[in-house]
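Input: a single structure, listed below in C-alpha cells.
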Amino acid sequence: VQPASYVTRHYEITPASNAITATGTVTLYFTQAEFDAFNAVNVTQLPHNAADVENYKTNLRIEKRSGTSSNGTGLPNTYSGTILDIVPASVSWNATAGRWEVTFDVSGFSGFFAKSTLFTLPLKLLQFTVIKQEGGNLLNWLTADEIHTKEFILEGSSDGIHFSAITAVQAV
C-alpha cells in the first residue's frame, strides 16, 4: 500500500539505455480524485480544483527515487538509490483531458512520486488556539520535539494573499 504521504499514483520510468545518465522532460498525469484522497489525510494540500491552482500548486513536489523497484510494486521503500526532491516547472489542469499535468526536467530515470512540500516542520504542533480580542487576536500554541527552532514569525494580511511579518516570538 502506498504511504499516505504520497499521491497514490506513482510512476517508474526506465529507458531502454542510459537509465542513469539519460535526460529529458517528463510530464506525469494525476486525477483530481487522487489529489482529493491525498488532501484528506495530509495537512499541506494539493490543488482542490482547477480554480484554486494558484493557491496550492506550489505545494506539489515530485520525489525521484533512483533505480528500479526491488519487488515490482513500485512503492517508495522498494528503491535503494538516492532520493531527490524536484520542484516541477509546471503544474497545470488540462480541462479537455480532465487531469493534472506535472512537468519537470530530469537527469536519470527511476521511480517518481507526487507529494507536498519539500521540507517538513522541525517540530510537532500539539495545540493552536486563537481568541479574538478588541484590537487584535490572541494566539497560543504548544509544540514538542523542536529541532533547531529559533523563533516563530507571526505574519498578518489584510487580503489573505499578501502577508508581512508582524513580530517574532523566540522558541522555548
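Please read all numbers here as calculations on a predicted model, not as lab measurements.
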Enter the distance from [X]:[atom1] to [Y]:[atom2] here, rounded to the nearest 0.5 Å.
X: Ser164; Y: Glu155; atom1: OG; atom2: CD; value: 7.0 Å
X: Leu126; Y: Leu142; atom1: CG; atom2: CG; value: 5.0 Å
X: Leu84; Y: Ser66; atom1: CG; atom2: OG; value: 7.5 Å
X: Tyr56; Y: Thr58; atom1: OH; atom2: OG1; value: 10.0 Å

Would the distance check show the side chain of Gln32 and the main-chain N or O of Pro47 forming a donor-acceptor pair, the cut-off being under 3.5 Å?
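Side chain of Gln32 to backbone of Pro47, a donor-acceptor pair under 3.5 Å: yes, one is there.
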Checking the side chain of Ser157 only, and the main-chain atoms of His162 only, is there a donor and an acceptor separated by less than 3.5 Å?
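Confirmed, Ser157 side chain pairs with His162 backbone.
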Step by step, work out the side-chain contact (heavy atoms from CB on, under 4.5 Å) result for His48 and Asn39.
CA-CA 8 Å; His48 293 237; Asn39 289 339; 4.0 Å; yes
Quick one: side-chain hydrogen bond (donor to acceptor under 3.5 Å, both in side chains) partners of Asn71, sequence neighbours excluded?
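side-chain hydrogen bond (donor to acceptor under 3.5 Å, both in side chains) list for Asn71, sorted by chain: Ser69, Thr73.
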Identify the heavy atoms of Phe109 and Pro15 that sit nearest to each other, and give their distance.
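So the minimum-distance heavy-atom pair works out to CB-CD, 3.6 Å.
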Pairs flagged by salt bridge (charged side-chain N to carboxylate O under 4.0 Å, His left out) wherever [range] is involved - sequence neighbours left out:
range: residues 12-26; result: none
range: residues 89-103; result: Arg99-Glu101
range: residues 27-45; result: Arg9-Glu34
range: residues 63-78; result: Glu63-Arg65, Glu63-Lys115

Run the side-chain contact (heavy atoms from CB on, under 4.5 Å) test on Leu75 and Gln2 for me, step by step, so that the C-alpha distance in whole Å, both residues' side-chain angles and the decisive distance to 0.1 Å come before the verdict.
CA-CA 6 Å; Leu75 295 175; Gln2 180 90 327; 3.2 Å; yes
Of Ile62, Val26, Leu60, which is the lone residue that meets side chain to side chain contact (heavy atoms under 4.5 Å, CB included) with Ile86?
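Running side chain to side chain contact (heavy atoms under 4.5 Å, CB included) over Ile62, Val26, Leu60 with Ile86 returns exactly one hit, Ile62.
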Name the one of Thr27, Val91, Leu28 that satisfies side chain to side chain contact (heavy atoms under 4.5 Å, CB included) with Phe104?
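So, applying the side chain to side chain contact (heavy atoms under 4.5 Å, CB included) to Phe104 and each of Thr27, Val91, Leu28, only Leu28 qualifies.
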Going by distance alone, is a donor N or O of one side chain under 3.5 Å from an acceptor N or O of the other, for Asn42 and Thr44?
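Result is no, nothing qualifies.
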If the condition is ring pair (Phe, Tyr, Trp, His ring centres under 6.0 Å), which residues does [X] pass it with, not counting sequence neighbours?
X: Tyr29; answer: none
X: Phe38; answer: none
X: Phe30; answer: Tyr11, Phe35

With the 4.5 Å side-chain cut-off for hydrophobic clustering, are [X] and [Y] part of the same group?
X: Val106; Y: Val102; result: yes
X: Leu125; Y: Phe152; result: yes
X: Ile166; Y: Leu138; result: no

All pairs passing side chain to side chain donor-acceptor pair (under 3.5 Å) where residues 127-144 contributes a residue, at least two apart:
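Listed once each, the pairs are Thr143-Glu146.
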Partner set under side-chain contact (heavy atoms from CB on, under 4.5 Å) for [X], not counting sequence neighbours:
X: Ser107; answer: Thr23
X: Thr96; answer: Asn94
X: Thr25; answer: Thr103, Asp105

Using side-chain heavy atoms (C-beta onward) and a distance below 4.5 Å, is Tyr79 in contact with Ser70?
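No - every pair of side-chain heavy atoms lies 4.5 Å or more apart.
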